[in-house]
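One-based numbering, in listed order, for ligands and for the atoms of each. For the single chain, residues carry numbers from 1 onward in sequence order. What's counted below: heavy atoms across the whole structure, side chains too, no hydrogens, waters or symmetry copies.
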Amino acid sequence: MNISKSEKITNIATKRGFFFPTAEIYNAISGFWTYGHLGTLMKRKFENLWRDYFLKLNDNFYEIEGSNILPQKVFKASGHLDHFNDPLTECRKCHFRFRADQLIEDELNINAEEYPLEKLDKILKKEKLSCPKCSSQDFQKTKSFNMMFDLKVGSTGTEISYLSPETAQNPFLSFKREYYALRETLPFGLAKIGKAFRNEISPRQGFFRLREFTQAELQIFFNPDKLDEAESWNKIKNYKLQLYLSKNNKITLTSCENANKKLNLPKLYLYYLAKTQQFYLDTLKIPKAKFRLRELSEKERAFYNKIHFDIELDLETLKGWKEVAGIHYRTDYDLEKHQKASGEKLEVLNEGKRFFPHVIELSFGVDRNIWSLLDIFFKEEKERTLFTLPTNLVPVEVAVFPLVNKDNLPKRAIEVYNSLKDKYQTFYDFKGAIGKMYRRMDEIGCPIMLTIDHQTLKNNTVTLREIKTMKQIRINIKKLESTIEQILQGQKLNKFGKYIS
Ligand code: ATP
């Protein structure tokens, strides 16, 4: 049977413990997934890389943790209550409900995200688009559907609240406390890695569009007079951005300097575009050809975003470029709205001037990035499938096996395993023939496999096998730790000895 790449990855993910539908024994509601043991290890690694990288961009960037349930007033002020809507269409025949813009996008390959409802209805009719479920072309009028999950808090049920649809509100709500706690210094940044909840109309695309997901967001508060200043500008001014501008349909390599002068993009914003691109290309090792920074036109972006680029990756499983993160210049929209609604002063007096700090927001969907990494680093060969993930993201770093389950080999293998497990994410396996154990580790992307055999008992050496080429070298146990360390840092196996096969 011919199955798609997406199904292949999902099959491995569910079988091997990356992720699987939540409550699947009860036929699960779509859009909710549980990370299994491997997925959790990988997700933590992604989050830690993100933390390490983005929080270190400035000494004044910090992480906070806040509530996921927030009162109605917050979302009235932020605009979510009135505007956080998706266009909902219902098939008159089978009553299937779906997003009109997504059907149009899928069928006609155009971005219909911000089209008004009437325009969507017109396109559905004119292009004779069919219900994804029953193929009827008879639809009800498209309506706005608010995507927030509401809750009643407390025993009286009068305190209407919502599950936060983005992590960003916590930093805005914490702004005043943190600004003063951080000695009234700008710029400063508040990051939150946490859950976001959206009642997506028809979560399709498996693991990509979820109803409960994790976002990693950093809100950078700064003095708007300094928008065209970036402390480390000299370090990035010649760096080439892979820009996909709204006016031309191709990626152009543009230095930050040129983007500043010719495209009028401010230096502070460009600095974060450059740093985000470097995160994808250098830290996550995304191939250049699969990465672009897509500018959203005025029509496409939210009205409060003055500049908006999405990070898009070219994903085979989803048939093209898909958004995994966004960089939004939100101006003073949020602080101004929250001051107005709460009556709390959020303007600051800084360097002799009173103003609302402006905000650049870096917003990443963690789960979407996890899926994208699995898509990009999935390989199929004649006898095996593997993930060639960068070593800083692999869930299991080292696997240890005895060649056979006798002759004292398991005992020696467990000794080796015990000597490594505190330092590396290590897995011990003895169930099956060696070839099968290798395949199982290939399938989850484990980069280093060690086999303990009869020679080990004689001369204290083991076989170290590399995932990508399947080549093996013989190495002394004494040198194991330093070799593993270097391989995890990106060194090639042949640096450590002659190949033995
Ligand atoms: P989309 O257009 O795909 O619905 P969005 O533009 O609404 O996404 P943002 O509100 O900018 O997304 O959220 C920031 C990031 O959060 C996105 O770039 C994406 O990675 C992630 N994200 C948003 N919605 C979802 C979802 N339903 N499931 C998983 N991740 C999501």
Who's the nearest protein heavy-atom neighbour of [atom], and how far?
| atom | result |
| --- | --- |
| atom 21 (C) of ligand 1 | Gly365 CA, 3.6 Å |
| atom 19 (C) of ligand 1 | Arg368 NH1, 3.5 Å |
| atom 2 (O) of ligand 1 | Glu113 OE2, 3.2 Å |
| atom 1 (P) of ligand 1 | Arg209 NH2, 3.7 Å |
| atom 22 (N) of ligand 1 | Phe213 CE1, 3.5 Å |
| atom 14 (C) of ligand 1 | Ser363 OG, 3.0 Å |
| atom 29 (C) of ligand 1 | Phe208 O, 3.3 Å |
| atom 5 (P) of ligand 1 | Glu323 OE2, 3.8 Å |

Looking at [X], which atoms of ligand 1 are within less than 4.0 Å of one of its heavy atoms?
| X | result |
| --- | --- |
| Ala325 | 18 (O) |
| Glu200 | 26 (C), 27 (N) |
| His328 | 11 (O) |

If we count only N and O atoms by modelled type, under 3.5 Å, do the side chains of [X] and [Y] hold a donor and an acceptor together?
| X | Y | result |
| --- | --- | --- |
| Asn68 | Lys195 | no |
| Thr317 | Asp375 | yes |
| Glu300 | His308 | no |
| Gln277 | Tyr239 | yes |
| Tyr35 | Asp367 | yes |
| Thr167 | Glu217 | yes |
| Lys8 | Thr385 | no |
| Asn146 | Tyr162 | no |

(message) Heavy atom to atom 26 (C) of ligand 1, shortest distance: which of Asp86, Leu210, Val324 holds it?
(response) Leu210
(request) Have a look at Glu217, Gln215, Arg301 and point out the one with the heavy atom closest to atom 15 (C) of ligand 1. (result) Gln215
(message) Using the rule side chain to side chain donor-acceptor pair (under 3.5 Å), only one of Gln242, Glu323, Glu312 pairs with Arg294; which is it?
(response) Glu312
(message) Test of understanding: given a 4.0 Å heavy-atom threshold, classify the contact between Arg198 and ligand 1 as side chain, backbone, both, or neither.
(response) side chain
